[in-house]
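Just below is one structure, and these are the notes that go with it.
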Amino acid sequence: MSGTMAEQSIPQGHELLVQLENIFESDPLIDEVGFVPPAQIVELNEKADGLDHVTTHFWSKDHKLAISMEVLKPLLQAAKDAFTVACREYKEFANLPVDEICLDSPASESFTENEVMKHSKALLLLSCDFRSAWNSRKLVASRRKSLSLYMEELLLSKLILSYAPKSEEAWSYRRWVIKMIDGTFPNMQDILKNESKLVEGIAEKLKMNYRAWYHRCWLVSYMTAQQVFDEFNQSRKWAELHVADNCCFHYRRRLMLRMLEDYLLQQTEACFLYSSDLSVMWNEELYWNELLIKRFIGREALWVHRRFLAQCWIKHFVSLSSDTPLDGFLDHELELIRTCMHVGGDDFGDNEVHADLASAYILWISPQVTTDRGAAFLAKLKKSGDVNILAKSCPGKKLLLEDLVGNQSLMPRPIFPSVKTPLLALIPSSPSLWVSIFPSLRTAAILLLPRRTSATAYLR
Amino acid sequence: MGELEIDKHVQYILDVEKKRDFESLLMEHIRMNGAYWGLTTLYLLGKLEKVDQDAVVEWMMKCQHDCGGFGGSIGHDPHVLYTLSAVQVLVLFNKLDMLDAEKVSNYIASLQNEDGSFAGDIWGEIDTRFSYCAICCLALLHRLDKINVEKAVNYIVSCKNLDGGFGCTPGGESHAGQIFCCVGALAITGSLHYVDKDRLGWWLCERQVKSGGLNGRPEKLPDVCYSWWVLSSLIIIDRVHWIDKDKLTKFILNCQDRENGGISDRPDDAVDVFHTYFGVAGLSLLEYPEVKPIDPAYALPVDVVNRIFFGK
Ligand SMILES: [Zn+2]
C-alpha cells in the first residue's frame, strides 16, 4: 500500500536525473553535497528565499546541494541506465579510426561526449566507487587533452571526497590526472602543494584515513628536495595535535627516508639542503617524540614512530659521528623506558598500556644492535627485570618474548618445509614431506617449472 | 556466547543474492567479488550445492570482455580484481575448462610494468594488491611463465617497510590487507625468504587488541576482516603461535547476527557478505570444527587447491 503511494509521489527516475543535471549545469562550482531526509528538503525550501533551484527533492544554494534520501534509489537507477547507453555510444566513436571520425558528423561525437560527462558525474555523486564511470571520464579527458578539463576533474574528485573521504576510486583518479599532466603542466609544485593541503583538510575530518594519507605519501616521489623539506616542517604541528594518527607519523617517516635516500645518493641539491643537518634533524625528531611520549600516556603511534627513529639512528647515524656513541644512546633509551614504566596518574589502564609499549619498544630495537653489544644490552635488560612486565600483557607476546630473551635473538621455528628450504630442492626427492602442509606453501616450485612438466609427473 | 550459526549464515548468503534494494544497487559494480565471497563461504560451510552453478557461470561469462579480463558485473570495465574473483569461482565449481586460460593470462600479463609492478587495468593505477591478484590468478591457471616472476617479486620486496610490513607502493604505510597480498604472492612464487618473518610476525601479533579481535594497523579498532588478513599472513610465515587463538575465535563468534545470519565487522554492527566471508574464513584458519580448511595464500578451500595442483 505505501509502495504505490510512494511511487505516485516520487517522479520517474529519468525526470529526477534531468533535474539534478540541470542544477549541476547551472552551478558548476557546487562544492558540497548532502543527502537529507525528505522533511528537511521541505523545511529548507520553505525557510529560504532566493534559491537557485526549487524542486521537491533537491535544494541548492551558495554552491551547496541537498538531495532527498527518498529519491536516491530511482535516481541511481536512472543515472546508471543513462550512463550505460551514453558510454556504449561514446566508446564506438573512440574505437573508430581517425579518418572515419572525420567523415562522421563531429557534432554527434561531442554530443555523446557531453552525455557521458553529464551522466557519469550524476552517477559518481551517488555511487562514488563506480569504477567504470571514472574510467569513462578518463577516456574523454585523455582524448581531449585539455589542461582546463583536467583541472575540472580534480574539482569533481574533491567534491566527492568532501562526503566520501575514503573513496578509493576518487583518490586514484587524482593520481591518474597528475600523471597525465606531469611534464606538460607548468606549475607542478603548486599542484602538489594543493594536493597535500587537501589531504590534510580531509584527514582532519576523518582520522586515520589510510587512502588519504597514502595519496600524500605517493606525492613525495614527485616533490623536489626543497618541497620535501618544507612538508616535513609543516606536518609537525598537525602530528602534535593528532598523536594517535599513525598515518601522519608514517608520512613524516616517508619524508625522512626520502631525505636520507637523497643524502646517501649524494644528490647535489639535497646535499646543499641537509648535508650534516640530517643527523641533527634526526636527533631533534627523537627529542620531540620523547616529549610527546611523556606528555601523552599510552599512545601506540608515538612508540611506533620511535621504533623507526631508533632503527635508523642506530643504522645510519651512530657510526657516523663519534660524539653519539651507541652505548650512550642505549642508556638513554633504557632510562626513558624506566620512566615510562613507573608513570603516576589516575588511569591505571593507560599506565599499563604505556608500560607495555615501552618494553615492547626496547625489545624491538635490541636486535638492531650488533651481536656482542646486543648480548650485553639484553643481559642488562634481563637484570633490570623490566621485560617481565611485557609478559603479562598477552599470552601471544609471552611466546614472542621467550623466543627473544631466551635465545638472545629471534630464532625461526620452521614447521613448514617451504619456510626453510627452497621448494625446488624438495620436489624430486621427498614429496611425502608435503602431506601435512597447506597447498600454497608446497605448490610454488611446481608453478615455476615449465608448464609442460605436469605436477603429477613430478610427484610420481 | 555459543557456536557458529551455520544454517543462518547459509540462508543469509542465499538471500542476499535476491535482494534488490538501494544497498545492493550500490554494490552492483563489485558483484563479481561478492560472488566469490558468498560462494567460498558456502563451500567452507559445506553447502555449495544450494546454488545453481550453471546460472552463476552463465552470468559470469557475460562479464568477460574480448581482452580476456572480467568486469565487476555485466557491462562493467575489466579489472584484475574481478578477473581473480571470476577465476576463483570457476576453480571452486571445478569449471576452469569454461575458460580460455590463454586469453585470460595474456590479459593479466599485459598489465605487468617494466619494474615488475602490476596495474589493475589499462588506466595504470599500481598497487601490490594487483600484484597478488595477477600472481594468484596465473598460478591457478598454470600460466606463471607468462610474466617475469623475478621482477614481480623484486617489486613486492621494494614495498617492504622497516617494520617488516608492506604497503601499496614503495614507501606506503604497512597495512594488514597489503601484507596479506604481498606475503601471499611471495608464498605462491616460493619467495618467502625475502620476508623478515620475526619482525613482521611481531608487528602482526601486535594487531591483537584486548577484546581478542585483530586490527589492521596501529591505533585502529578491531575488525573481523582482519582475522583473515592477519591470520593468513601469520600462518604463511609460521608465526601464528604468537597470538591468542581462543580469544580471537570468541571475538568472531560475537560478531554474528544470531537471528538473521551474517557476520559484521564488530559486535552489534550491521552484517554484510564481505565480513561474513572473512569471519568464516578466519574461523577456518583457526581450525573451527565444521568449517572446511582454507589455504592461506590462495584464499580457496584446501581440497580445491589440491585438486588444481595435484589433480586430487
Ligand atoms: Zn572490515
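Hydrogens, waters and symmetry mates are skipped; everything else that's a heavy atom, side chains included, is used. Because the structure is a prediction, the values reported are computed rather than measured.
Between chain A and the options Glu125(B), Lys220(B), Glu173(B), the largest number of non-hydrogen pairs under 4.5 Å is found for Glu173(B). Ranked by non-hydrogen atom pairs under 4.5 Å with chain A, the options Gly71(B), Gly167(B), Cys168(B) are led by Cys168(B). Of the residues considered (Cys128(A), Ala244(A), Ser127(A)), Ala244(A) shows the highest number of contacts with chain B, using heavy-atom pairs under 4.5 Å.
No side-chain heavy atom of Asn135(A) sits under 4.5 Å from any side-chain heavy atom of Ile122(B).
Rounding to the nearest 0.5 Å places CH2 of Trp123(B) at 12.0 Å from NZ of Lys179(A). Atom CG in Asn161(B) sits 8.5 Å away from atom CZ in Arg253(A) (nearest 0.5 Å). Atom CG of residue Leu162(B) and atom CG of residue Leu257(A) lie 6.0 Å apart, to the nearest 0.5 angstrom. A distance of 6.5 Å separates NE2 in His76(B) from OG1 in Thr84(A), rounded to the nearest 0.5 Å. Of the inter-residue distances, the one linking Asn215(B) atom CG with Met208(A) atom CE reads 8.0 Å to the nearest 0.5 angstrom.
Scanning residues 210-219 of chain A against chain B with a 4.5 Å non-hydrogen threshold yields Tyr210(A), Arg211(A), Tyr214(A), Cys217(A), sorted by number. Within residues 170-178 of chain A, the residues approaching chain B closer than 4.5 Å by heavy atoms are, in numerical order, Ser172(A), Arg175(A), Trp176(A).
Under the 3.5 Å distance criterion, with hydrogens and angles disregarded, a donor-acceptor pair is assigned to the side chains of His79(B) and Arg131(A).
The pair Arg207(B)-Glu300(A) counts as a salt bridge, with a side-chain nitrogen and a carboxylate oxygen less than 4.0 angstrom apart. For Lys80(A) and Glu28(B), the salt-bridge test passes: some basic side-chain N is under 4.0 Å from an acidic carboxylate O. Salt bridge absent: Lys207(A) and Glu219(B) never bring a charged side-chain N and a carboxylate O closer than 4.0 Å. Under the 4.0 Å criterion applied to side-chain N and carboxylate O atoms, Arg129(B) and Glu168(A) are assigned as salt-bridge partners.
Distance alone, capped at 3.5 Å, places no donor-acceptor pair between the His29(B) side chain and the Ser132(A) backbone.
With sequence neighbours excluded, no residue satisfies side-chain hydrogen bond (donor to acceptor under 3.5 Å, both in side chains) with Asp182(A). Under the rule for a side-chain hydrogen bond (donor to acceptor under 3.5 Å, both in side chains), Arg217(B) has no partner lying at least two apart in sequence or in another chain.
When heavy atoms are compared at a cutoff of 4.5 Å, Gln178(B) approaches chain A solely by way of its side chain, counted from C-beta outward. Asp163(B) touches chain A through backbone and side chain together, each having a heavy atom under 4.5 Å away. Neither the backbone nor the side chain of Asp245(A) comes within contact range of chain B; no heavy atom of the residue lies under 4.5 Å from a heavy atom of that chain. Within the 4.5 angstrom heavy-atom criterion, no atom of Pro78(B) approaches chain A. Heavy atoms closer than 4.5 Å to chain A are found in the backbone of Ile126(B), but not in its side chain. Looking at Cys247(A), both its backbone and its side chain come within 4.5 Å of chain B, counting heavy atoms on both sides. For Ser221(A), no part lies near chain B; criterion is any non-hydrogen pair under 4.5 Å.
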Criterion salt bridge (Lys or Arg N to Asp or Glu O under 4.0 Å) on Asp77(B) and Lys91(A), from CA distance to verdict: CA-CA 12 Å; Asp77(B) 292 352; Lys91(A) 276 182 181 162; 3.0 Å; yes
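Nearest heavy-atom pair across Trp364(A) and Trp202(B) is N-CH2, 3.4 Å. Here the closest non-hydrogen pair linking Leu126(A) and Leu26(B) is O-CD2, 3.4 Å. Nearest heavy atoms, Gly172(B) versus His250(A): C-NE2, 3.4 Å.
Remark: Asp21(B) CG is packed, more than 12 non-hydrogen atoms of other residues, nucleotides or ligands lying under 6.0 Å away.
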